[in-house]
Q: 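Please see the structure below; I have some questions.
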There are 2 protein chains.
Amino acid sequence: MTDLQLIGERAVAAKYAVQLASEDEKNSVLVHAARMLSERSAEILAANGKDIRRGEENGMHPGMIDRLRLTEERIEGMAQGLTQIASLPGCIGQVMDRFERPNGLMIEKRRVPLGVIGIIYESRPNVTADAFGLCFKAGSAVILKGGSDALESNIAIVSVLKEALRLSGMTPDAIQLIKSTDRAVTAQFMRMNEYVDVLIPRGGAGLIRNVVENSTVPVIETGTGNCHIYVDKDADLDMAVKIIVNAKTQRIGVCNACESLVIHRDVREAFLPLLAEALEPARVEMRGDEGVREILKDCAPASQEDFGREYLDYILSLKTVDSLEEAVAHINKYNTKHSDCIVTQNKETGERFLSQVDAACVYVNASTRFTDGFEFGFGAEIGISTQKLHARGPMGLKELTSYKYVIHGQGQIRE
Amino acid sequence: MTDLQLIGERAVAAKYAVQLASEDEKNSVLVHAARMLSERSAEILAANGKDIRRGEENGMHPGMIDRLRLTEERIEGMAQGLTQIASLPGCIGQVMDRFERPNGLMIEKRRVPLGVIGIIYESRPNVTADAFGLCFKAGSAVILKGGSDALESNIAIVSVLKEALRLSGMTPDAIQLIKSTDRAVTAQFMRMNEYVDVLIPRGGAGLIRNVVENSTVPVIETGTGNCHIYVDKDADLDMAVKIIVNAKTQRIGVCNACESLVIHRDVREAFLPLLAEALEPARVEMRGDEGVREILKDCAPASQEDFGREYLDYILSLKTVDSLEEAVAHINKYNTKHSDCIVTQNKETGERFLSQVDAACVYVNASTRFTDGFEFGFGAEIGISTQKLHARGPMGLKELTSYKYVIHGQGQIRE
């Protein structure tokens with residue numbers, strides 16, 4: 001039996017234990033774990049220091065170093081995250097539906113844990129505590145495969161979380177970390193259908209593509225967002241400017257940031273100068289089609305490729321259209337099914353946009369930045385699903401569960 | 001652009017058209033299609049005749065020939081299936097949840113079609129009409145890849161369905177058939193993430209494994225059922241016998257048939273002779289462990305492999321246990337997460353079994369044969385999901401849908 005199979009066997013054994021734990025028991029583990037993260041922060045920071053030093057020696061990009069770096073404050077943030085997850089109402093065991101059949105069978109649809117959740121992520125050590133907290137609260141065991149650059153940090157954090165489980169009388173196998181940095185091991189992990197119920201990749205487009213392409217375990221695809229805002233001919237132009245500035249510049253490297261504008265030809269003359277002025281302070285580079293460049297003389301030309309890009313940067317593509325239909329067709333062609341918005345005062349136009357644009361979240365008159373588990377009031381978030389199976393949009397605790405049918409009979413047989 | 005890409009492009013265009021169709025429009029297509037299947041049965045039977053002759057020439061197994069063969073009656077059955085699907089209440093557009101956030105955003109969770117559904121199936125031509133009916137009613141376009149042995153039959157059926165779409169003013173691309181019998185084309189179909197939202201394999205274990213292992217498109221795994229019945233020490237033994245005879249012998253080749261018994265040691269002496277007598281007329285071969293063979297002297301020995309097998313035959317494996325815990329552990333080890341049952345008069349034991357056994361459907365005192373979309377009252381069924389993502393157990397119309405979040409704002413931006 002390989003190390004990985006052993007991890008799988010242990011996770012399956014652990015899932016039955018976690019499944020039986022009460023909400024109080026789970027919450028107590030989480031609160032314990034939060035306190036212990038704070039108490040043992042020196043140890044975690046020491047391990048993180050090793051990762052940082054190795055990263056610097058290997059010439060890691062400063063932005064990456066920053067994501068990798070832990071501080072007392074960031075560890076405190078992780079601890080608070082766990083406490084906050086503990087405070088959420090539990091959902092396991094909920095009766096989602098119940099119906100009686102003419103033959104007297106009573107059928108109940110009951111919310112149950114997914115079982116074993118695998119998370120593959122990059123070198124952000126805070127995901128380690130976060131993912132454990134959510135999966136554990138949702139009644140599942142978790143197997144983590146973090147970026148190799150964060151290995152020492154992850155080992156330290158997982159060791160604290162395991163200790164918290166043990167002290168609460170819960171199996172420490174509820175969280176396991178794959179320590180091998182061998183790519184072949186990760187590839188094998190993605191094919192452990194016998195042990196793992198779902199894989200969730202968290203990270204950049206490359207990581208997600210790798211998991212989607214190589215996993216035989218069911219995957220929840222998260223992430224990339226080429227989000228559009230369409231400024232309709234009946235838009236309140238001041239509102240449109242405010243929404244776009246917010247969606248583009250409030251935080252730049254996130255999947256719900258706006259990457260592309262679509263503008264009705266009738267308003268381009270009135271609107272584009274207002275927009276250019278408002279985006280000036282943040283030095284947003286605009287790349288437009290002919291219709292835009294006729295108005296904004298300094299605007300760079302947009303290529304077809306621009307319309308499909310998730311810049312995650314101070315860049316915005318702009319496209320002119322003659323109708324709602326053209327706007328919808330453009331968005332459905334180039335979006336990543338994440339979040340798209342129309343700004344309009346026309347109710348009917350708004351409703352048509354909402355029903356015809358194919359995305360997890362469709363907005364009328366609000367910033368796409370609201371696509372977020374916390375902003376939706378879920379109290380937690382494991383990611384934003386951009387696929388249509390299982391969960392779409394922000395995924396909180398409920399989206400990390402499954403269901404089973406529980407059927408009570410009195411000896412019924414099928415005729 | 002390859003033929004397959006062209007099929008993908010057309011399906012994506014069609015999905016937007018089908019999505020906009022009203023329930024009345026969709027139902028009218030289905031009723032039309034049902035009538036045309038009956039009217040053009042001669043043409044379909046002629047095509048099917050070619051498939052049958054080729055099958056016979058190639059020495060196809062008689063059981064396979066039987067599944068491939070269409071008759072006036074079977075075509076009538078397909079037509080009735082479509083009419084029945086038309087009569088089901090529609091579910092697209094349903095508001096599944098609605099909540100207002102403190103900032104005034106009104107968030108609505110609305111049921112939407114999956115988009116483009118791919119079905120890969122074996123040589124049962126009736127699946128062609130069936131799968132189209134369900135997917136279309138659920139608002140999606142469908143791409144079918146049927147078994148090459150049924151190609152002529154499928155071409156004839158799809159041509160009728162396309163004609164029905166056309167006559168109703170709907171795009172005929174709502175159904176498309178992949179006619180190539182090249183395995184490389186099927187392999188490519190399973191990687192068309194750009195066009196296909198979900199793949200559903202329908203067929204035997206080999207087909208399903210092939211799709212799960214090679215598809216990058218999200219898959220709903222259906223099918224295999226190694227279903228258990230546990231006869232508890234507090235079972236009503238007569239009820240247990242009736243349930244087992246029904247679950248084992250009422251229909252033999254189906255995924256919800258019982259394949260394995262687990263028996264509490266305390267009741268084996270009283271129960272096993274009753275069971276053996278009841279299974280005698282159907283000539284069910286029993287394969288038991290030591291505990292069983294001490295009582296049933298003629299019983300064949302069961303290997304470890306037997307406990308894991310879906311026989312789809314008149315064979316039953318039997319295992320003795322000393323406790324509910326042992327029964328649950330055995331079932332969780334060997335089941336396929338499909339349907340498992342406990343027969344007991346003890347309420348507490350029953351509830352423990354229901355909550356601890358990991359399966360799509362868990363029963364107390366009823367035949368596992370009820371795991372079926374029609375028996376559940378869904379009015380339709382595309383298959384039984386044995387995975388935990390998206391849908392579990394019988395999948396009807398609702399399980400063939402997704403959702404989107406529709407958000408109404410008045411200019412909200414994120415602080």
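Protein chains get the first letters and strands the later ones, always in sequence-line order, with residue 1 at the start of each.
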Q: Report, as yes or no, whether the 6.0 Å neighbourhood of atom CZ on B/Arg101 holds more than 12 heavy atoms from other residues, nucleotides or ligands.
A: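 Buried by this count: over 12 neighbours within 6.0 Å.
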Q: Can you tell me which portion of B/Asp372 sits under 4.5 Å from chain A's heavy atoms? Options are side chain, backbone, both or neither.
A: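 Looking at B/Asp372, just its side chain touches chain A.
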Q: Side chain of A/Glu221, backbone of A/Ser385: donor and acceptor closer than 3.5 Å?
A: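 Here the side-chain-to-backbone pair does not exist.
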Q: Against chain B, label A/Gln356 side chain, backbone, both or neither, depending on which of its atoms sit under 4.5 Å from a heavy atom there.
A: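 Its backbone and side chain both get close to chain B.
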Q: For B/Arg251, which atoms come within 4.5 Å of any heavy atom of chain A: side chain, backbone, both, or neither?
A: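 Answer is neither: B/Arg251 stays 4.5 Å or more from chain A.
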Q: Identify which part of A/Val357 has an atom lying under 4.5 Å from any heavy atom of chain B, answering side chain, backbone, both or neither.
A: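 Interface part for A/Val357: backbone (N, CA, C, O).
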Q: Should A/Val112 and A/Ile92 be marked as a side chain to side chain contact (heavy atoms under 4.5 Å, CB included) after you check the CA-CA gap, both sets of side-chain angles, and the distance that decides it?
A: CA-CA 5 Å; A/Val112 300; A/Ile92 295 302; 5.7 Å; no
Q: Check whether any side-chain heavy atom of A/Ile200 lies under 4.5 Å from a side-chain heavy atom of A/Val219, and answer yes or no.
A: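 Not touching, per the 4.5 Å side-chain cut-off.
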Q: Among B/Ser402, B/Ser367, B/Ala359, single out the residue with the greatest number of heavy-atom pairs under 4.5 Å to chain A.
A: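 It is B/Ser402.
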Q: Tell me, side chain or backbone of A/Asn103 under 4.5 Å from chain B's heavy atoms, or both, or neither?
A: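 For A/Asn103, the side chain is the part near chain B, not the backbone.
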Q: Given a strict heavy-atom distance threshold of 4.5 Å, which part of B/Leu354 is in contact with chain A: side chain, backbone, both, or neither?
A: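 Contact with chain A: backbone and side chain both.
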Q: Looking at A/Gln410, A/Glu415, A/Glu375, A/Arg110, which makes the most heavy-atom pairs under 4.5 Å with chain B?
A: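 Most pairs with chain B among the choices: A/Glu375.
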Q: Would you say that more than 12 heavy atoms from the other residues, nucleotides or ligands in this model lie under 6.0 Å from the NZ of A/Lys398, or not?
A: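 12 or below, so no.
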Q: I'd like to check A/Val198 versus A/Leu114 (side-chain heavy atoms, cut-off strictly below 4.5 Å). Are they in contact?
A: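 SC-SC contact between A/Val198 and A/Leu114 confirmed.
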Q: Can you say whether the rings of A/Tyr405 and A/Phe99 are parallel (under 30°), tilted (30 to 60°) or perpendicular (over 60°)?
A: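 Taking A/Phe99 first and then A/Tyr405, their aromatic rings stand perpendicular (interplane angle over 60°).
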Q: For residues A/Phe370 and A/Phe376, establish whether the separation of their ring centroids is below 6.0 Å.
A: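 They do not qualify: ring centres at least 6.0 Å apart.
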Q: Is a side-chain donor or acceptor of B/Thr222 paired with a backbone partner of B/Pro201 at a separation under 3.5 angstrom?
A: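 Yes, because the side chain of B/Thr222 sits within donor-acceptor range (under 3.5 Å) of the backbone of B/Pro201.
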Q: Between B/Tyr16 and chain A, which part of the residue has a heavy atom less than 4.5 Å away: side chain, backbone, both or neither?
A: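 B/Tyr16 touches chain A through side-chain heavy atoms alone.
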Q: Below 4.5 Å, heavy-atom pairs only: which of A/Met239, A/Arg191, A/Lys109 has the largest tally toward chain B?
A: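 Top option by heavy-atom pairs under 4.5 Å: A/Met239.
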Q: Measure A/Asn214 against the heavy atoms of chain B and call it side chain, backbone, both or neither at under 4.5 Å.
A: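 Answer is neither: A/Asn214 stays 4.5 Å or more from chain B.
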Q: Name the option with the most non-hydrogen atom pairs under 4.5 Å to chain A; the candidates are B/Gly377, B/Pro394, B/Gly393.
A: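 The answer is B/Gly377.
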Q: Is A/Ile107 close to chain B through its backbone or its side chain, or both, or neither, when contacts mean heavy atoms under 4.5 Å?
A: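 The answer is the side chain of A/Ile107.
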Q: Under 4.5 Å between any side-chain heavy atoms of B/Arg414 and A/Asn246, yes or no?
A: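 Yes, close enough: below the 4.5 Å cut-off.
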Q: Heavy atoms only, distances under 4.5 angstrom: which of B/Val212, B/Thr401, B/Asp236, B/Asp238 has the most pairs with chain A? Name it, please.
A: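 Highest number of pairs under 4.5 Å: B/Val212.
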Q: Heavy atoms only, distances under 4.5 angstrom: which of A/Val343, A/Ile243, A/Val328 has the most pairs with chain B? Name it, please.
A: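 Top count of heavy-atom pairs under 4.5 Å with chain B: A/Ile243.
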Q: If I measure from the heavy atoms of chain B, does A/Glu108 come under 4.5 Å with its side chain, its backbone, both, or neither?
A: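 No part of A/Glu108 comes within 4.5 Å of chain B.
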Q: Indicate yes or no: does B/Lys404 engage A/Asp358 in a salt bridge with an N to O separation below 4.0 Å.
A: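 Result for this pair is no, no salt bridge flagged.
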Q: Which bit of B/Leu389 comes within less than 4.5 Å of chain A, counting heavy atoms only: side chain, backbone, both or neither?
A: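 B/Leu389 touches chain A through backbone and side-chain heavy atoms alike.
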Q: Under 3.5 Å, is there a donor-acceptor pair between the side chain of A/Asn256 and the main chain of A/Thr371?
A: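 Pair found, side chain donor or acceptor close to backbone of A/Thr371.
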Q: Heavy-atom cut-off 4.5 Å, strictly under: side chain, backbone, both or neither for B/Asn332 against chain A?
A: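 Both backbone and side chain of B/Asn332 come within 4.5 Å of chain A.
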Q: Heavy-atom distances under 4.5 Å only: say whether A/Gln250 touches chain B with side chain, backbone, both or neither.
A: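 Looking at A/Gln250, just its side chain touches chain B.
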Q: For A/Glu194, is it the side chain, the backbone, both, or neither that has a heavy atom closer than 4.5 Å to a heavy atom of chain B?
A: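 Neither part; nothing is under 4.5 Å.
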Q: In terms of heavy-atom proximity below 4.5 Å to chain B, should A/Asp340 be classed as side chain, backbone, both, or neither?
A: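 Nothing of A/Asp340, per the 4.5 Å heavy-atom cut-off to chain B.
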Q: Heavy-atom distance under 4.5 Å between the side chains of B/His338 and B/Ile384, does that happen here?
A: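 A side-chain contact exists here, since the closest heavy-atom pair is under 4.5 Å.
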Q: Of all of A/Ala240, A/Ala329, A/Gly350, A/Pro218, which one pairs up most often with chain B through heavy atoms under 4.5 Å apart?
A: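 Greatest number of close heavy-atom pairs with chain B: A/Pro218.
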